[in-house]
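Report on the following structure.
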Amino acid sequence: MKRIGLAALALLLASCGVEPSGPAAEGDAPTGVAPGVTLYFVDAHDQLRPQLRETGRLGTIAEAISLLLTGPGSSDQRTEIAATPVTRVLVSTEPGLIRLLVPLTDRDVTPLGIDQVVCTALGVHVQSGGSRDTKVQISFTQPTPESELQRTCPLNT
């Protein structure tokens, strides 16, 4: 009887008191499984249009913007971003804000080109489970007031 009491006491002392629970209800589940990444280009009517670039995975925001900078490929869409041999993009994030450092000056993109970058970045962010309320700030290679603006996609990605 004494051994049973000691065993019960040992089990009681060994338990941590944490009870199992179900999944926590916090935000939307990530949806990053994708056949590729959606890039935004411009159609013949000067409207932004999504283009699926089949990469076999969603990838990162930096990878998506780098692909965007390579152009629309052989589609009937065009870009409002000047061609550049450098496609490396630096990305930093904080709650509610994605900061991009692009290898462009503000003269290398039109306002519609800026929307291409913003919509592409937010598309990857949201598809990865990020908030739709996040904004994008684009820093260019030369100082400009344009780099201070926090932008959203006009298409509701």
Side-chain angles (χ1 to χ4, degrees), residues 16 18 20-157:
C16 64
V18 176
S21 64
E26 283 292 323
D28 296 330
T31 56
V33 177
V37 62
T38 301
L39 309 177
Y40 287 84
F41 291 102
V42 181
D43 69 12
H45 303 288
D46 292 332
Q47 300 294 312
L48 286 180
R49 295 287 178 235
Q51 181 189 92
L52 178 65
R53 189 70 56 96
E54 293 187 17
T55 59
R57 64 189 183 90
L58 179 59
T60 66
I61 294 171
E63 291 168 334
I65 302 302
S66 291
L67 281 173
L68 179 71
L69 294 178
T70 66
S74 61
S75 76
D76 59 348
Q77 297 174 339
R78 70 178 196 284
T79 185
E80 292 285 311
I81 303 169
T84 177
V86 179
T87 60
R88 184 171 183 209
V89 176
L90 299 177
V91 178
S92 64
T93 60
E94 61 185 60
L97 184 64
I98 299 167
R99 287 193 172 102
L100 306 173
L101 176 58
V102 295
L104 306 163
T105 68
D106 66 332
R107 292 178 304 228
D108 293 328
V109 294
T110 67
L112 201 50
I114 288 173
D115 287 343
Q116 286 180 249
V117 173
V118 171
C119 292
T120 297
L122 287 174
V124 172
H125 176 72
V126 169
Q127 195 170 0
S128 297
S131 170
R132 292 184 183 277
D133 297 327
T134 299
K135 297 196 184 309
V136 175
Q137 189 174 25
I138 303 173
S139 294
F140 297 95
T141 57
Q142 296 177 343
T144 174
E146 291 294 315
S147 293
E148 301 303 316
L149 300 176
Q150 294 183 7
R151 305 166 188 275
T152 60
C153 178
L155 298 178
N156 298 330
T157 57

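Since we're looking at a predicted model, the values are computed, not measured.
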Subject >> Straight-line distance of Glu80 CD to Ile114 CD1, nearest 0.5 Å >> reply: 11.0 Å

Original post:
Passes side chain to side chain contact (heavy atoms under 4.5 Å, CB included), Leu68 versus Gln116? Steps please.
Top reply: CA-CA 8 Å; Leu68 179 71; Gln116 286 180 249; 3.8 Å; yes

**OP:** Using a strict 4.0 Å threshold on nitrogen-to-oxygen distance, state whether Glu146 and Arg151 make a salt bridge.
**Re:** yes

**OP:** For the residue pair Val117 and Val89, establish whether any side-chain heavy-atom pair is separated by less than 4.5 Å.
**Re:** no

Original post:
Quick one: CD on Gln137 to CD on Glu148, what's the gap to the nearest 0.5 Å?
Top reply: 6.0 Å

Subject >> side chain to side chain contact (heavy atoms under 4.5 Å, CB included) assessment of Ile98 paired with Thr134 >> reply: CA-CA 7 Å; Ile98 299 167; Thr134 299; 3.7 Å; yes

Original post:
Hey, are the side chains of Val91 and Thr60 touching, using non-hydrogen atoms and a 4.5 Å cut-off?
Top reply: no

**OP:** For the pair Thr120 (side chain) and Leu39 (backbone), establish whether a donor and an acceptor sit closer than 3.5 Å, ignoring hydrogens and angles.
**Re:** no

Original post:
Can you name the closest pair of heavy atoms from Ala121 and Ile65 and give their distance?
Top reply: N-CD1, 3.9 Å

**OP:** Grab the two heavy atoms, one from Val124 and one from Gly59, that are nearest each other, plus how far apart they are.
**Re:** CG1-O, 3.8 Å

Original post:
Is it true that a side-chain atom of Ser131 and a backbone atom of Asp133 form a donor plus acceptor pair closer than 3.5 Å?
Top reply: yes

Original post:
How many angstroms lie between SG in Cys153 and CG in Asp115, if you round to the nearest 0.5 Å?
Top reply: 7.0 Å

Subject >> All pairs passing side-chain hydrogen bond (donor to acceptor under 3.5 Å, both in side chains) where residues 85-95 contributes a residue, at least two apart >> reply: Glu94-Arg99

Original post:
Quick one: OG1 on Thr38 to CG on Leu58, what's the gap to the nearest 0.5 Å?
Top reply: 8.0 Å

Subject >> Partner set under side-chain hydrogen bond (donor to acceptor under 3.5 Å, both in side chains) for Ser75, not counting sequence neighbours >> reply: Gln51

Subject >> Gln77 versus Pro50, closest heavy-atom pair with distance >> reply: NE2-O, 3.9 Å

Original post:
So, do Leu122 and Tyr40 sit near enough that their side-chain heavy atoms are less than 4.5 Å apart?
Top reply: no

Original post:
What pair of heavy atoms forms the shortest contact from Cys119 to Leu48, and how long is it?
Top reply: SG-CD1, 3.8 Å

**OP:** To the nearest 0.5 angstrom, please state how far the CD1 atom of Ile61 sits from the OG atom of Ser128.
**Re:** 7.0 Å

**OP:** For Leu104 and Leu69, work out which heavy atoms get closest and say how close.
**Re:** CD1-CD2, 4.0 Å

**OP:** For side chain to side chain contact (heavy atoms under 4.5 Å, CB included), just list the numbers for Thr144 and Thr105, CA-CA rounded to whole Å, side-chain angles, deciding distance to a tenth of an Å, and then say yes or no.
**Re:** CA-CA 9 Å; Thr144 174; Thr105 68; over 6 Å; no

Subject >> Which atom of Leu52 lies closest to which atom of Pro35, heavy atoms considered >> reply: CD2-CG, 4.1 Å

**OP:** Hey, could you give me the CD/CG distance between Gln150 and Leu97, rounded to the nearest 0.5 Å?
**Re:** 4.5 Å

Subject >> Derivation and outcome, side chain to side chain contact (heavy atoms under 4.5 Å, CB included), residues Thr55 and Leu67 >> reply: CA-CA 10 Å; Thr55 59; Leu67 281 173; 3.9 Å; yes

